[in-house]
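Down below is the structure, laid out as structure tokens.
All heavy atoms count here, side chains included; hydrogens, waters and symmetry mates do not. Treat the numbers as computed from the prediction; the structure is a model and nothing was measured. Lettering of chains follows the sequences in order, A, B, ..., and the numbering in each one begins at 1.
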There are 2 protein chains.
Amino acid sequence: MTSMDSRPAPGAVDVVARPTLDDVARLAEVSRKTVSRVMSGGQNVAPDTRERVLRAAKALRFRPNAVARDLRTGGTSRTVAFVIGDLTNPFYAAVASGVERALARQDLTMVLAATEDQVEREVQAVTAMLERRVRALLLVPISDDHSYLDGERELGTPIVAVDRPLSHAVSDLVVLDNRGGAALALRALVDAGHRRIAFVGSSSRLRPHAERRAGYEDVLRAAGLPVDEALIRQDAPDVDAAEAATGQLLALPDPPTAVFTANNRATAGAARALRGHPSRVVLFGFDDFELAQATGVSVVAYDPAQMGEAAAALALERLGRPSRTTEQITLPTHLLVRGDISPA
Amino acid sequence: MTSMDSRPAPGAVDVVARPTLDDVARLAEVSRKTVSRVMSGGQNVAPDTRERVLRAAKALRFRPNAVARDLRTGGTSRTVAFVIGDLTNPFYAAVASGVERALARQDLTMVLAATEDQVEREVQAVTAMLERRVRALLLVPISDDHSYLDGERELGTPIVAVDRPLSHAVSDLVVLDNRGGAALALRALVDAGHRRIAFVGSSSRLRPHAERRAGYEDVLRAAGLPVDEALIRQDAPDVDAAEAATGQLLALPDPPTAVFTANNRATAGAARALRGHPSRVVLFGFDDFELAQATGVSVVAYDPAQMGEAAAALALERLGRPSRTTEQITLPTHLLVRGDISPA
DNA sequence: ATGAAAGCGCTAACAT
DNA sequence: ATGTTAGCGCTTTCAT
């Protein structure tokens with residue numbers, strides 16, 4: 001650095017160099033440390049000194065550098081990572097909203113990475129977050145091997161799995177009562193008189209779906225009803241596929257009188273397929289959604305934002321006591337029955 | 001630091017100190033710089049040296065510290081901030097998803113802050129982001145005075161407003177063709193034969209709403225129809241309020257034959273109010289939504305993710321040429337007419 | 001191909 | 001109440 005005010009400009013024409021603590025100190029004619037003190041709460045500073053520093057800071061448009069601060073104070077930022085599949089899915093968005101809210105209360109910021117349900121992107125996102133020294137890592141897992149996270153716990157980063165557990169790795173966990181929730185819905189349908197109830201969901205590879213399917217079967221068996229594979233579609237990972245699958249179910253020689261959809265995507269697809277269908281078929285979905293009430297669709301409901309809040313809370317607790325045993329929180333579900341769900 | 005391996009543990013029982021470049025260098029018996037070279041691409045390193053370094057890094061579970069790297073390389077992180085109102089609104093969620101996608105392509109991470117539409121939280125979030133030295137700042141503004149952002153542009157941080165402009169400050173901007181979109185819908189309704197078309201939306205304080213309202217009036221006037229204040233409700237900022245407002249419109253002595261809702265919240269509320277309503281009232285909304293098709297609601301549609309992508313792109317362009325004049329992108333809308341929209 | 005020294009912007013520790 | 005020194009973990013000169 002040659003002359004005082006010639007700090008290298010970041011490549012652009014009229015862009016001005018960003019002032020640092022030093023610049024403020026120089027202008028206020030105090031030491032760096034004094035400025036630092038003023039900037040962070042400012043104990044033990046004479047009122048007029050503080051005044052002078054603040055004026056200088058304002059004049060220079062000084063903005064403290066949190067990156068430098070974090071580095072100095074411990075190497076971890078006031079930031080928590082949340083790695084999810086797809087923000088476009090209202091379920092994930094609501095969970096993220098809960099995470100954000102819980103963190104904001106502690107003056108923490110959520111860093112969000114979407115993986116579009118691709119394993120490589122999960123690894124990549126998680127790595128980037130950990131390198132950024134996030135305070136904690138929340139994730140909705142997709143990879144089927146999270147052993148790459150093994151070391152991280154010992155290094156003190158709380159890791160919380162959301163919606164489903166990690167594979168080959170232990171962590172705190174927040175899940176729904178999937179099996180119980182599905183069973184509630186099925187019992188309601190069976191009690192209403194349905195005997196042929198279809199199941200539409202995505203791959204049984206995913207734990208929540210396997211559990212919802214189990215809850216579906218639990219009730220059928222308990223009621224002495226057959227579990228008819230022809231009525232079970234697990235090949236509907238998105239709305240379009242669910243629409244198609246439901247359409248095919250309706251076209252069956254002996255069609256179902258009710259359709260249980262295992263998640264919001266499936267419900268949306270089924271609702272589309274059911275629109276304009278001549279005979280009455282009752283739709284019951286897992287996951288509430290905004291227009292469920294307006295469309296008279298009954299659902300298994302719960303509070304997704306609460307999931308996010310619980311996950312954030314778990315992470316913060318572990319930050320306090322890293323060595324305690326891992327914890328699992330299972331969130332309850334409840335039924336929202338809208339209108340008449342009896343068979344035709 | 002007294003003895004070699006006694007770096008202070010971060011306060012916890014069995015938590016292990018996080019290894020640094022130095023630790024790796026020591027184990028691999030090379031210099032810090034050599035490890036650094038290997039970690040970042042690694043030109044000019046002998047194959048066996050590199051091998052040794054990588055082994056050491058793996059053994060120690062070394063993870064580079066991006067915070068330190070960023071500090072050294074220029075004080076700005078590979079991070080872009082997006083400050084929005086509410087992630088729970090599918091519109092914002094979809095925009096965020098677009099932002100995330102566009103950034104991920106450039107290996108950048110989105111940092112998200114939700115303000116719950118509170119001015120103080122906006123200022124607070126923006127400040128936190130800037131202190132974190134984000135590469136760029138995208139925001140859906142709520143404050144009515146953004147002059148506090150004035151200095152930031154000169155300091156080289158690209159700022160992009162999304163959905164509506166900043167107040168008292170200039171910036172790049174991505175908006176929708178709100179007026180045109182609303183006019184499209186109204187023309188469709190008028191052409192279909194409607195004469196009494198209600199308007200349900202939130203506060204006209206917000207630019208997009210004022211524009212949509214203007215589009216609504218444009219068409220009525222052009223068609224020689226009266227603009228009846230009794231049919232215009234601008235007091236419906238959320239779903240419940242929209243439901244109530246719509247209910248009251250329907251109870252009018254001379255009720256509307258169609259309702260134009262100015263955003264997805266209003267549409268959801270109106271749909272609820274319309275459910276089970278005896279006489280036929282056509283619903284036309286601004287913003288598409290998942291179940292619009294299944295429920296036969298016509299909408300003014302556009303691609304919210306594209307908004308996010310455009311905003312991110314604008315920010316990155318400005319990063320390259322900070323001094324060019326600000327730019328505004330107006331995204332087109334189109335109609336999705338579903339079913340018969342003619343009056344009863 | 002490798003290393004030594006310096007420093008990014010800040011704060012902790014220890015003066016004074 | 002204020003200043004000095006050192007150093008967070010990394011990369012950037014510039015040597016060798």
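A/S36 has a side-chain polar atom (N or O) that falls below the 4.0 Å cut-off from OP1 or OP2 of C/dT11. For A/N65, no side-chain nitrogen or oxygen approaches OP1 or OP2 of C/dG9 to under 4.0 Å. Residue B/T20 places no side-chain N or O under 4.0 Å from the OP1 or OP2 atom of D/dC8.
Atom CZ in B/R52 sits roughly 15 Å away from atom P in C/dA1 (whole-Å rounding). As a whole-Å value, the separation of B/R63 CZ from D/dG9 P is 16 Å. In this structure, the CG atom of A/D70 is 13 Å from the P atom of D/dG9, given to the nearest Å. One atom, CG of A/L21, and another, P of C/dA12, lie 12 Å apart when rounded to the nearest Å. Atom pair B/D23:CG and D/dG9:C1' shows a separation of 10 Å (rounding to whole Å applied). Regarding A/L71, its CG atom lies at a distance of 11 Å from the P atom of C/dT11, rounded to whole Å. Rounded to whole Å, atom P of D/dG9 lies 14 Å from atom CG of B/L60. Taking atom CZ of residue A/R26 and atom P of nucleotide C/dC10, one finds them 12 Å apart after rounding to whole Å.
In B/R207, the CZ atom is not crowded: 12 or fewer heavy atoms of neighbouring residues, nucleotides or ligands sit closer than 6.0 Å. Residue A/E29 qualifies as open at atom CD: its count of foreign heavy atoms under 6.0 Å is 12 or below.
Between the base of C/dG7 and the side chain of B/R72 there is a donor-acceptor pair shorter than 3.5 Å. Evaluation of atom-type donor-acceptor distances gives no pair under 3.5 Å for the side chain of A/R32 against the base of C/dG9. Residue-to-nucleotide contacts include a donor-acceptor pair under 3.5 Å from the side chain of B/R37 to the base of C/dG3.
Each of B/M39, B/R37, B/R32 was scored for a side chain to side chain contact (heavy atoms under 4.5 Å, CB included) with B/V35, with one residue passing: B/M39. With A/R52 as the partner, the side chain to side chain contact (heavy atoms under 4.5 Å, CB included) test is satisfied by one option alone out of A/L27, A/V30, A/V38, A/T34: A/V30.
A/H146 approaches A/I142 most closely through the heavy-atom pair NE2-N, 4.2 Å.
Comparing D/dG3, C/dG3, D/dC10 by their closest approach to the side chain of B/R69 singles out D/dC10.
Along DNA chain D, the nucleotide closest to A/A68 and the one closest to A/T34 are compared, and the more 5′ of them pairs with A/T34.
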